[in-house]
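Note on naming: letters A, B, ... go to the chains in the order of the sequence lines (proteins, then strands), and numbering restarts at 1 for each one.
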2 protein chains.
Amino acid sequence: MAAVTIKDVAQVAGVSPSTVSRVISNHPKISHATRKKVRDAMTKLDYHPNIMAKSLVSKSTNTIGLVLPYSSNNLFINPFFSEVLRGMLAYANNKNYDLLLSSARNQSEELEAVNRMVLGRRIDGVVLMSPIRDDVIVKKLIEYDFPFVLLGRSMEYPNVLSVNNDNIKASYDLTNLLISQGHHKIGIVTGNPELVVSQDRLDGFKKALEKAGCILNPDWIISAEMLEKNGYHTISMLMNAEDRPTAILVIDDVIAISLIRELVEVGFQIPKDISIVGFNNIYMSEMSNPSITTVDVGIYQLGYQTVQHLIRKLTGEKNVPTQVIVPHRLIIRESTK
Amino acid sequence: MAAVTIKDVAQVAGVSPSTVSRVISNHPKISHATRKKVRDAMTKLDYHPNIMAKSLVSKSTNTIGLVLPYSSNNLFINPFFSEVLRGMLAYANNKNYDLLLSSARNQSEELEAVNRMVLGRRIDGVVLMSPIRDDVIVKKLIEYDFPFVLLGRSMEYPNVLSVNNDNIKASYDLTNLLISQGHHKIGIVTGNPELVVSQDRLDGFKKALEKAGCILNPDWIISAEMLEKNGYHTISMLMNAEDRPTAILVIDDVIAISLIRELVEVGFQIPKDISIVGFNNIYMSEMSNPSITTVDVGIYQLGYQTVQHLIRKLTGEKNVPTQVIVPHRLIIRESTK
DNA sequence: TATAGTAATGGAAACGTTTGCACAGGAGGT
DNA sequence: ACCTCCTGTGCAAACGTTTCCATTACTATA
């Protein structure tokens, strides 16, 4: 715990601190002999540079900030998040970046957290996962010209780096799958309407219905919130009406799984009585009973590419794209027929 | 992005930088008038202190390190982890601490990551989640006298702060539940034998069987690894033997859910033909079909209390316990009868 | 042989804070 | 009127790096 500094290394190696610094940063004009001396001293003393001091002068921290949005309780329950994080860490750590995590319970806390990190010069770039449209943070970061990336919400700011799926297309494809299986009475469980992803998936759904000439009964649009609050009643109403859907598209696999549970409790069989499809392809989609037909959105890739392109931008790489779309693919399982 | 410093604030407020610093840190001997002047200047300039500079001199970073262990692929798939993280963030952010995340793919990377954080003076304390017993990192941290907390592995180092469940007791209780339901032929799906938690849960299981005078057929001990590799075959062997268990205790809910899936595929009904219990009580335990009888280990609390006690220690609080046990409770659902 | 150029290194300032010490000025005690 | 003590504030050093500039000692060129 002796707090060995660059000076100690310098002394042991018999050189100046500047030289040690140069060895560390692989400066070209260091003689082979000196380099070795310094390296030896470093390992002998088990030297690790003080990142704070380093960042203070170099103005770079090799750290990426991540503020978990205030709707994150859902996100956290949802295995989606940890898989995204896994992808982010994989790329970041490989490039010797760390992740600095903060969470927020509301928008002002979120702003405060970003300010602390950004203005406090703690991070080189920041990932915004907050799925709510049009927040003040984005504008502020643009104003500061601070590097950031939007995860899961493209299209809003054309020149801003963002990584997302084409959720409209994914939803369109998934709906078409149901249609191709013979369904033309299809309901939907929608997510929080403030979320870009919810809007997109609803759009794609409607688009596919329209194209196929199916009508969408307004009674067949169920909000996830309502389902959570009063699942049994909601399901009963829907399924006991004289006109009822033969398939339901659900905005998220987690919700799809709980919907299936409700349906089974009310006495329906999946997919015999009704087909269910979800989104994301989380691990449980495969394991649940019945397994879920869904669209794999490449969760890991979403996280991975998010920090990949951010870091590419940070390191001054040219030709970094602005709008990155991670491809999706349909996964057909037992919950549809 | 003007990088406003303490000097700018000082100038605007018409005081010295030291005074500004004192206002920030709530130094007692600052006149009310000055305090106000400085505060006004700070908000006017939207000043946020440079954390790097601050940490450099104060030697504290208000950051807690978290190195995700190299067995973390399992952890990540497992929603356990994100719930732990949620608990950690809740407490940390509330106390104005951030979390610095690093991951490692093997033990040497793990050591390297800890070294970078600790010796690089980037964090004030570190959470070790690596569930493998007896690693070199713990010894090194003890040697450095650096604050840390062990999550999920008590008892190993008596004077080291650790937060854990009483997994032996939890497993004992859960097994007794099965016994009380009339089962006396009980199998077990064990986890990685290197993990402390696996060992503990196996111990509790055996203890309960022994106490009740049940015999444990060695054929009824299945490793999760084997199950994953060749589930169908493993299950068939087990269930088609002339002597077979009427209940199985599974080391983890995620594995329990996939075991149920295998069993159903091979043609057995749960709990009619065989009862299944799991561990942890993740969200899916309730939603899956059938829902899982399990033991709620307070995942969120595990994370919450881990950083709670670490921070208490960091802030020099007295009477911080060393071995914290988060209580568990049985949750009886549909997978048992 | 003088000159310029280059390779390798050291010295010192700077990054933005905190904090020990010094000091001005006023209050209170004698 | 003097001394002491306290309150509030400023100065300057320190934290551990990086990096610009200067310096030395060669080497190659004229």
S.K.: Distance alone, cut at 3.5 Å: any donor-acceptor contact between the side chains of A:Thr322 and A:Asn159?
M.R.: no
S.K.: What I want to check is whether the side chains of A:Thr63 and B:Arg122 have a donor and an acceptor closer together than 3.5 Å.
M.R.: yes
S.K.: Is the closest side-chain donor-acceptor distance between A:Ser16 and A:Thr19 under 3.5 Å?
M.R.: yes
S.K.: How close or far is atom P of D:dT7 from atom NE2 of B:His32, stated in whole angstroms?
M.R.: 17 Å
S.K.: Counting only heavy atoms not in A:Arg105 (residues, nucleotides, ligands), do more than 12 fall under 6.0 Å from its CZ?
M.R.: no
S.K.: Bend angle of the helix from C:dT1-D:dA30 to C:dT30-D:dA1 from five-pair axes at both ends, rounded to 10°?
M.R.: 50°
S.K.: Whole Å only: how far is the CZ atom of B:Arg121 from the C1' atom of C:dT17?
M.R.: 18 Å
S.K.: A:Asp40 and side-chain hydrogen bond (donor to acceptor under 3.5 Å, both in side chains): which single residue from A:Lys44, A:Lys37, A:Lys36 fits?
M.R.: A:Lys36
S.K.: Are side-chain heavy atoms of B:Ile30 and B:Val38 found at a separation under 4.5 Å?
M.R.: no
S.K.: Using whole Å, report how far NE2 of A:His27 lies from C1' of C:dG10.
M.R.: 13 Å
S.K.: Can you tell me if B:Asp124 and B:Thr61 form a side-chain donor-acceptor pair at under 3.5 Å?
M.R.: yes
S.K.: Treating primed atoms plus P, OP1 and OP2 as sugar-phosphate and everything else as base, which nucleotides of nucleotides 15-22 of chain D get B, S or - for protein heavy atoms under 4.0 Å?
M.R.: BBBBBB--
S.K.: What is the distance, to the nearest angstrom, from the NZ atom on B:Lys29 to the P atom on C:dA22?
M.R.: 14 Å
S.K.: Any non-hydrogen side-chain atom of B:Ser102 less than 4.5 Å from a side-chain atom of A:Asn93?
M.R.: yes
